[in-house]
Amino acid sequence: MDYRRTYLRDLFNLAPGSKTSAYGWIKTRRDSKTVHFVQLSDGSTFQDLQVVIPEGLLSEAVLKTLTTGASVRFDGEIVQSPGENQPIELLASGAEVYGPADPAEYPLQKKGATMEFLREIGHLRGRGNTFGAVFRVRNAAADAIHQFFQKRGFNYINTPIITASDAEGAGAMFQVTTLVGHEETKDGLRYKLDKTDPAEDFFGKPSYLTVSGQLEAETLALGLTNVYTFGPTFRAENSNSARHLAEFWMVEPEMAFCSLEGNMNLAEEFLKEVIATVMERCPKDFEFFNQRIEPTLFETLNHVVNSPFERLTYTEAVKMLEASGESFEFPVGWGTDLQSEHERWLTEKKVGRPVILTDYPKEIKAFYMRQNEDGKTVRAMDVLAPRIGEIIGGSQREERLDVLEARIKELGLPIEAYWWYLDLRRYGSVPHAGFGLGFERLLMYITGMKNIRDVIPYHRTPGSAEF
Ligand code: 4AD
Ligand code: MG
């Protein structure tokens, strides 16, 4: 068994008459008087292979183990299929079962299992249609993202996962410490604090899982000009929504000598190219998503790829929302953060395609965003998409040392911790900008999946760290 053998993906390109072997897991099995039919899948493509097993070819003992979930190799010949569902099938001349799966116990055989149930058997769901498609598309999207940046001369960098600085200044961080141990007590397992001085902790000071690689990406952009990160980020927000994870993957480009306009242009080109590339690479998976998951998928994605994004200021958007006559759950007014219902109204009802909102009030955005002359707003941009709301958040960065220092102090952030970040403004500062794309938000958008837990292999959310 070599990795260079034929996968089902390649097998569909073989001419009738070819002798070959097919490896995979059995999806279903059906019997008639003269033949047995098996649907075989190996995850290399959406399409299952139909295997035809003539009666009498295999012993009763082997036949009995050809059940849903069993792993098997069939040897045989490619023949044209009389059925409508597939162009070719495999006429078996032999079989070897590697691992049977007891039909009385195998959890992944119910048709119409709910997404919630499939999450509980996350270790097996990758064998089904939906999650095979989700993870093939996830792979294609990751590849398309790297290609997009590589073609444009951006350098892929890796920023630290453990950090001592709060990149967003929002405080929703997981602490990393070796000062806490466990002990068995008569009440069960309990935490035990060995020491209380942060100076004695592993890194000699309080440290955390990063919420964003942006600040470190800025340091490398101010040297390599164009860089991007693509890595895991962590947020300890206690939010159990369908759009939030405690561990998610973020793509963060950062560009020196670039303003907010350039940043918006990059974000728009980026979303369009990545979506178009993935749709072209995974047509069968998209057909499935469009038929079974989200009936407007093709329509909305084609629309995104082909029409220019709307660009509005926050102030303009708030006026539109106030004039909308809609009764929102959360009130809108200048100065308040937009809720997902507001973002969806703007993109779905008002504009009908993605919207880039800019120039938000400084109070609701992070400390590093460049301040506008009005003294009230900053050069922020959020890209909002129909169905899911915010998909990208970014900004032009404050490059003026005095303005940045004043803002950090005003917000009461620990200025000493940002000494290196301020040095970038002290020596050779330049206008620069960047953004962060939530990879799972993008995947929800392009697959039509309704819950962010279903576009990542194993979700980390409050109360859940299984697998
Ligand atoms: O808007 P955010 O917080 O921006 C930043 O972190 C900036 N430092 C990015 C930058 O300019 N380099 O997060 C960026 C994106 C959001 O637009 C959203 O798509 C996603 O990250 N995101 C989440 N995705 C899943 N679960 C969460 N809890 C998320 N929080 C943010
Ligand atoms: Mg944001």
Side-chain angles (χ1 to χ4, degrees), residues 141 145 149 154 157 159 163 165-174 209-221 226-256 258 260 262-264 266-267 270-271 274 314 337-340 343 347 354-358 360-361 364-370 378-385 387-398 421 432-446 449 451-456 459-462 464:
I145 286 168
F149 288 119
F154 282 64
I157 57 162
T159 49
T163 177
S165 52
D166 182 354
E168 290 299 297
M173 299 197 290
F174 289 102
L209 294 181
T210 189
V211 295
S212 157
Q214 178 194 322
L215 305 194
E216 291 91 349
E218 283 186 54
T219 68
L220 289 173
N226 288 337
V227 299
Y228 71 105
T229 69
F230 188 169
T233 49
F234 307 85
R235 300 210 177 166
E237 303 161 272
N238 200 358
S239 147
N240 241 321
S241 86
R243 314 182 312 138
H244 289 86
L245 291 167
E247 175 179 292
F248 63 99
W249 287 68
M250 216 194 317
V251 178
E252 296 185 272
E254 190 70 33
M255 296 162 286
C258 183
L260 193 71
N263 204 23
M264 286 194 276
L266 183 82
F270 170 72
L271 284 176
V274 169
Y314 166 89
D337 210 354
L338 298 185
Q339 302 294 323
S340 138
E343 296 175 343
T347 55
V355 178
I356 309 184
L357 284 193
T358 61
Y360 283 71
I364 58 172
K365 288 293 179 190
F367 70 93
Y368 51 69
M369 297 192 183
R370 192 178 200 283
V378 287
R379 297 247 75 192
M381 62 170 223
D382 275 8
V383 181
L384 314 179
R387 282 196 276 114
I388 60 162
E390 181 189 339
I391 189 165
I392 282 179
S395 64
Q396 184 171 332
R397 321 305 189 189
E398 184 55 77
Y421 192 67
H432 61 289
F435 64 78
L437 163 91
F439 188 46
E440 287 78 17
R441 295 263 176 100
L442 174 73
L443 291 171
M444 286 177 77
Y445 192 59
I446 64 183
M449 296 295 283
N451 195 307
I452 199 163
R453 292 165 178 78
D454 297 328
V455 294
I456 189 164
H459 65 92
R460 300 293 178 246
T461 48
S464 173

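The basis for the numbers below is simple: all heavy atoms, side chains too, and nothing from hydrogens, waters or symmetry mates. Ligands are counted one by one from 1 in listed order, and the atoms in each one are counted from 1 as well.
Atoms of ligand 1 found under 4.0 Å from any heavy atom of Arg243, numbered from 1 in the order shown, are 25 (C), 26 (N). Remark: ligand 1 atoms within the under-4.0 Å shell around heavy atoms of Ser212 are 6 (O), 8 (N). Interface of Gly394 with ligand 1, defined as ligand atoms under 4.0 Å from a residue heavy atom, comprises 11 (O). Every atom of ligand 1 with a heavy atom of Glu237 under 4.0 Å away is listed here by number and element: 28 (N). Below 4.0 Å from some heavy atom of Ile452 lie the following atoms of ligand 1, by number and element: 25 (C). For ligand 1, the atoms sitting less than 4.0 Å from at least one non-hydrogen atom of Ile392 are 17 (O), numbered in the order shown with element in parentheses. Those atoms of ligand 1 with a heavy atom of Tyr368 less than 4.0 angstrom away are 7 (C), 8 (N). Interface of Gly438 with ligand 1, defined as ligand atoms under 4.0 Å from a residue heavy atom, comprises 15 (C), 19 (O), 20 (C), 21 (O).
Rounded to the nearest 0.5 angstrom, Ser340 OG and Arg387 CZ are separated by 13.0 Å. Atom-to-atom distance recorded for Phe435:CZ and Ile356:CD1 is 9.5 Å, nearest 0.5 angstrom.
Proximity of Val251 to Thr229: side-chain heavy atoms (C-beta onward) are nowhere separated by under 4.5 Å. Taking 4.5 Å as the limit, some side-chain heavy atom of Tyr314 sits within range of a side-chain heavy atom of Ile364. For the pair Asp166 and Met173, the minimum side-chain heavy-atom distance is below 4.5 Å. Counting only heavy atoms from C-beta outward, the side chains of Gln214 and Arg397 approach each other to under 4.5 Å. Taking 4.5 Å as the limit, every side-chain heavy atom of Tyr228 sits out of range of all side-chain heavy atoms of Phe270. Within the 4.5 Å cutoff, side-chain heavy atoms of Asn263 are placed close to those of Met255. In this structure, the side chains of Thr210 and Thr159 stay at 4.5 Å or more apart for every pair of heavy atoms. The shortest side-chain heavy-atom distance between Phe149 and Asn226 does not fall under the 4.5 Å cut-off.
Contact annotation: for Thr233 versus ligand 1, there are no heavy atoms closer than 4.0 Å. With a heavy-atom cut-off of 4.0 Å, Phe248 touches ligand 1 through its side chain alone. Here His244 has heavy atoms under 4.0 Å from ligand 1 in both its backbone and its side chain.
The two residues Asp382 and Lys365 come nearest to each other via the heavy atoms OD2-NZ, 3.2 Å. Between Glu440 and Ile456, the closest heavy-atom pair is OE2-CD1, 3.5 Å.
When hydrogens are left out, the protein atom nearest atom 18 (C) of ligand 1 is Arg441 NH1, 3.5 Å; that is the closest non-hydrogen contact. Among protein heavy atoms, the minimum distance from atom 17 (O) of ligand 1 is reached at Glu390 OE2, 2.6 Å. Protein heavy atom in closest approach to atom 15 (C) of ligand 1: Gly436 O, 3.6 Å. Here the protein heavy atom with the shortest distance to atom 19 (O) of ligand 1 is Ile391 O, 2.8 Å. Here the protein heavy atom with the shortest distance to atom 5 (C) of ligand 1 is Glu168 OE2, 3.4 Å.
For the residues Glu218, Gln214, Arg235, the heavy atom positioned nearest atom 6 (O) of ligand 1 is part of Arg235. The residue from Arg460, Glu254, Arg397 that puts a heavy atom closest to atom 11 (O) of ligand 1 is Arg397. When the heavy atoms of Glu252, Glu440, Lys365 are ranked by distance to atom 9 (C) of ligand 1, first place goes to Glu252.
When the N, O or S atoms of Glu390 are ranked by distance to the Mg ion (ligand 2), OE2 comes first.
No hydrogens or angles considered: nothing links the side chains of Tyr368 and Glu218 as a donor-acceptor pair under 3.5 Å.
In this structure, Ser395 falls outside the shell of residues with a heavy atom less than 4.0 angstrom from ligand 1.
Any N or O atom pair closer than 3.5 Å counts here, and Leu245 shares at least one such pair with ligand 1. At under 3.5 Å, a nitrogen or oxygen of Gly393, whether backbone or side chain, sits near a nitrogen or oxygen of ligand 1.
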Ile446 vs Val274, test: side-chain contact (heavy atoms from CB on, under 4.5 Å). Steps then yes/no. CA-CA 10 Å; Ile446 64 183; Val274 169; 5.5 Å; no
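Backbone or side-chain N, O or S atoms of Asp382 do not reach the Mg ion (ligand 2) at under 2.8 Å.
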